[in-house]
Q: 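Right, I'll just put the structure down here and ask away after.
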Amino acid sequence: MNKINRILTLIVVMIVVLAASMAMTSCGGGGLEKTIKKALISGDTTQVTYDSICSIIKGSPEKYSDYLDKNGEINVETLGKYINEVGGKLRPPMSWNIGAYGLKNLSLTIYFERSGSMTPYDHTSGRGQLKKTVNDLINFFPDRENVKINIVNDNIYPYNGTVDSFLQDRNIYENTSGTGNASYTDFKLIFEKIFQAQKPGNVSVLITDLIYSPKNTADVSVEKILNEENSVATAIFKTYKGKSIIVNQLMGDYNGMYYPYNNAPVAYNGQRPFYVIIVGDASTIDRMANDDKYAKFLHPDGVKNTYRFNQAPGDIKFKIVPDWKDNTGRFRISRDDQNTLTKCEGDRETGVLCFTIAANFKPLAKDDAFLTNIANYTVQSQSGFQITIRPITPADINNNNRAYLDGMTHLITARGKLNTKHDELAITINNQFPAWIGESSTSSDINPAAAGFATTTFGLDRFLQGIYDAFAPGNATYGKIVVKIEN
């Protein structure tokens, strides 16, 4: 009988060991999880460590198939989620943004508009802001050997020189004269060809004044052409749902003939807007936005306004800061859920409960003017909590709060009087059609002496609204932060 019991005990032990072994070797377990934990705890979140993680995955493709795409390459998005799941179980929770490591061998195609209304931006009397911006885009693109340049107007034409000759050319419009038909720009054809030519890993940039100027518009009313412009934009971009577009508005010196819609050209010497339109797969733009080496490329010097179309909502990383100078009242962070406050009490004198959230808004690729403007947020709670937002500065970080502030970009201070046992603070960042586009638009560009001529573009809002409508669902958002509050 004892022998039978020993055998049964041995079988049970073997089953337990086998089960543990299977759990360790299942997708995401074993060496992969240990390597990730070690990297997070030691702070060794480097390219070398990322490459070693990729080697583990590719070394056992069947075991780690969840982290490979159909071509057997690393699926950066799913791997990133798993890494942060592992990090979320550590104390304190840790995260690692690996998006940038998936960016290799990108190519850049410049589409340089050469129409009658573009050449005055490069007049010898001006400061040459437009040409400098294009040069900066090329110089700040990390894979400069993969740069190609085209000239566009009625069609797309390859630039006859080299990248270096383009950079050094002080009179680029004069030296590309005779290329295409400069009397009009066919945006429908140009954007369609840009999309059709794009391959994985390609980023395309159109340098333009964004004035819709198709041919054969004599005697066509302004409203009719603006409606056409809006419809054309929606039709083009609706076909390419996987793309993302960044529109950067800049200002440049302009000296030469300006061509108003359906009117005689007029001489103008002053400032005018121009636009850098960056086009790429949404996943590529996401990764570039998370990689510091692309910061000057995505947002060149001199940008006055910017907006990214087709930016999907994302998970916003945040932590509640337990000990902060603005906190008032009492609360505890739940051990089971780091996003839940328990045993909350308002200040004894004022009844106000105030707590601080450190959030990482870097992946949103928005400037502080946008991120600190409360009008861009929807704040909901039963108790009527209100928020203020400011950037994190180096002076804010010390040894006591480093675990909470490292890797974060902004502090959100929530303040209110808790009037229920169970509440929830939901902070939603809204993706709305930007006000600056309407402010930068005009439906009449006949008179250069008119107020606002120097800062507006004919029909800009109609064209960009068309793009927005093609991509944005109703109530579009960039992301949400939710904190549970319990009395």
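Remember, predicted model here, so these are calculated numbers, not experimental data.
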Q: For a side-chain hydrogen bond (donor to acceptor under 3.5 Å, both in side chains) check, start with the C-alpha distance between D368 and H410, then their side-chain angles and the critical distance, and finish with the verdict.
A: CA-CA 9 Å; D368 280 335; H410 288 75; 2.7 Å; yes

Q: Would K193 and Y111 count as a cation-pi pair here, with the cationic atom under 6.0 angstrom from the ring centre and within 45° of the axis?
A: no

Q: Is any side-chain heavy atom of H299 closer than 4.5 Å to one of N248?
A: yes

Q: Is it true that E223 and S221 share a donor-acceptor pair across their side chains at a distance under 3.5 Å?
A: no

Q: Before accepting this row, confirm whether a basic side-chain N of the pair D219/K224 lies closer than 4.0 Å to the acidic partner's carboxylate O.
A: no

Q: On a heavy-atom basis, which atom in G180 and which in D154 lie closest, and how many Å separate them?
A: CA-OD1, 3.6 Å

Q: If only side-chain N and O atoms count, and only distance matters, is there a donor-acceptor pair under 3.5 Å linking S117 with D209?
A: yes

Q: Could you give me the CA-CA distance, side-chain angles and deciding distance for D292 and K362, then say whether salt bridge (Lys or Arg N to Asp or Glu O under 4.0 Å) is met?
A: CA-CA 10 Å; D292 287 340; K362 183 180 176 183; 2.5 Å; yes

Q: So, are D396 and R402 salt-bridged, with charged N and O less than 4.0 Å apart?
A: no

Q: Flag the pair K188 and D186 as a salt bridge only when some basic side-chain nitrogen lies within less than 4.0 angstrom of an acidic carboxylate oxygen.
A: no

Q: Would you say V247 and R308 make side-chain contact, with heavy atoms under 4.5 Å?
A: no

Q: For S165 and G161, indicate whether the former's side chain and the latter's backbone hold a donor-acceptor pair under 3.5 Å.
A: no

Q: Would S107 and D143 count as a side-chain hydrogen bond (donor to acceptor under 3.5 Å, both in side chains) here? Give the steps.
A: CA-CA 7 Å; S107 64; D143 303 297; over 6 Å; no

Q: Sort out for me which residue in Y159, Y173, Y157 forms a ring-ring contact (aromatic ring centres under 6.0 Å, His included) with F112.
A: Y173

Q: Is any side-chain heavy atom of V279 less than 4.5 Å from a side-chain heavy atom of V203?
A: no

Q: Would you say K319's side chain and P93's backbone share a donor-acceptor pair under 3.5 angstrom?
A: yes

Q: Hey, are D164 and Q168 close enough side-chain-wise for a donor-acceptor pair under 3.5 Å?
A: no

Q: Just checking, any donor-acceptor pair under 3.5 angstrom between side chains of Q198 and S204?
A: yes

Q: May I ask you to check whether D66 and T78 show a side-chain donor-acceptor distance below 3.5 Å?
A: no

Q: Using 4.0 Å as the upper bound for N to carboxylate O, is an ion pair formed by D326 and R390?
A: no

Q: What's the separation between atom CD1 in I481 and atom NZ in K317, rounded to the nearest 0.5 Å?
A: 12.0 Å

Q: Please check if atom CG in N160 has more than 12 non-hydrogen atoms from other residues, nucleotides or ligands closer than 6.0 Å.
A: no

Q: Only one of F191, F195, F237 forms a side-chain contact (heavy atoms from CB on, under 4.5 Å) with K243, so which one is it?
A: F195

Q: Checking N401 side chain against N398 main chain: does a donor-acceptor pair fall under 3.5 Å?
A: yes

Q: Is the side chain of D281 donor-acceptor paired with the backbone N or O of T284 at a distance under 3.5 Å, no angle test?
A: no

Q: Report yes or no: do T185 and N153 form a side-chain donor-acceptor pair below 3.5 Å?
A: no

Q: To the nearest 0.5 Å, how far apart are CZ in F140 and CG in L108?
A: 13.5 Å

Q: Might you point out which heavy atoms bring V266 and P260 nearest each other, and give the distance in Å?
A: CG2-CG, 4.2 Å

Q: Under the 3.5 angstrom rule, does the side chain of D423 hit a backbone N or O of S383 as a donor-acceptor pair?
A: yes

Q: Between T234 and D469, do the side chains contain an N or O donor and an N or O acceptor separated by less than 3.5 Å?
A: no

Q: Return yes if a side-chain donor-acceptor contact under 3.5 Å exists between K366 and Y478, otherwise no.
A: yes

Q: Could you tell me if Y258 and D445 have a donor-acceptor pair between their side chains, going purely by distance under 3.5 Å?
A: yes

Q: CD1/I320 to OH/Y404 distance, rounded to the nearest 0.5 angstrom?
A: 10.0 Å

Q: Distance-only, no hydrogens or angles: does the S441 side chain make a donor-acceptor pair with backbone N or O of D461 under 3.5 Å?
A: yes

Q: Would you say Y261 and S213 are linked by a side-chain donor-acceptor pair, where the criterion is simply a distance under 3.5 Å?
A: no

Q: When the ring planes of Y212 and F187 are compared, do they come out parallel, tilted or perpendicular, using 30° and 60° as the limits?
A: parallel

Q: For the residue pair T124 and N171, confirm or rule out a side-chain donor-acceptor distance under 3.5 Å.
A: no

Q: Would you find more than 12 non-hydrogen atoms of other residues, nucleotides or ligands less than 6.0 Å from K241 atom NZ?
A: yes

Q: Salt-bridge test for D122 and K131: reply yes if a basic N is under 4.0 Å from a carboxylate O, no otherwise.
A: no

Q: Please determine, by modelled atom types, if D253 and Q271 share a side-chain donor-acceptor pair under 3.5 angstrom.
A: yes

Q: Under 4.0 Å between a Lys/Arg side-chain N and an Asp/Glu carboxylate O for K132 and D136?
A: yes

Q: Hey, could you give me the CD/CZ distance between E228 and F463, rounded to the nearest 0.5 Å?
A: 11.5 Å

Q: Which residues pass the ring-ring contact (aromatic ring centres under 6.0 Å, His included) test with Y307, not counting sequence neighbours?
A: F309

Q: To the closest 0.5 Å, what do you measure between CG (N310) and CG (N431)?
A: 9.5 Å

Q: Could you tell me whether the side chain of Q249 and the main chain of T306 form a donor-acceptor pair under 3.5 Å?
A: no

Q: Parallel, tilted or perpendicular for Y121 and F274, by the 30°/60° rule?
A: perpendicular

Q: Do side-chain atoms of N84 reach the backbone of G87 as a donor and acceptor pair under 3.5 angstrom?
A: no

Q: Heavy-atom count check: over 12 atoms from other residues, nucleotides or ligands less than 6.0 Å from Q129 CD?
A: yes

Q: Specify whether Y268 and F453 have parallel, tilted or perpendicular ring planes, treating 30° as the upper limit for parallel and 60° as the lower limit for perpendicular.
A: perpendicular

Q: Is atom CG of N430 surrounded by more than 12 heavy atoms (other residues, nucleotides or ligands) closer than 6.0 Å?
A: yes

Q: Would you say the side-chain atoms of N373 pair up with the backbone N or O of A369, donor to acceptor, closer than 3.5 Å?
A: no

Q: Is it the case that atom CD in Q386 sees more than 12 heavy atoms from other parts of the structure closer than 6.0 Å?
A: no

Q: Hydrogens and angles aside, do Y275 and T457 bring a side-chain donor and acceptor to less than 3.5 Å of each other?
A: yes

Q: Identify whether the distance between the nearest side-chain nitrogen and carboxylate oxygen of E174 and R114 falls below 4.0 Å.
A: no

Q: Measuring from atom CG of L68 to atom SG of C54, what distance do you get when rounded to the nearest 0.5 angstrom?
A: 9.0 Å

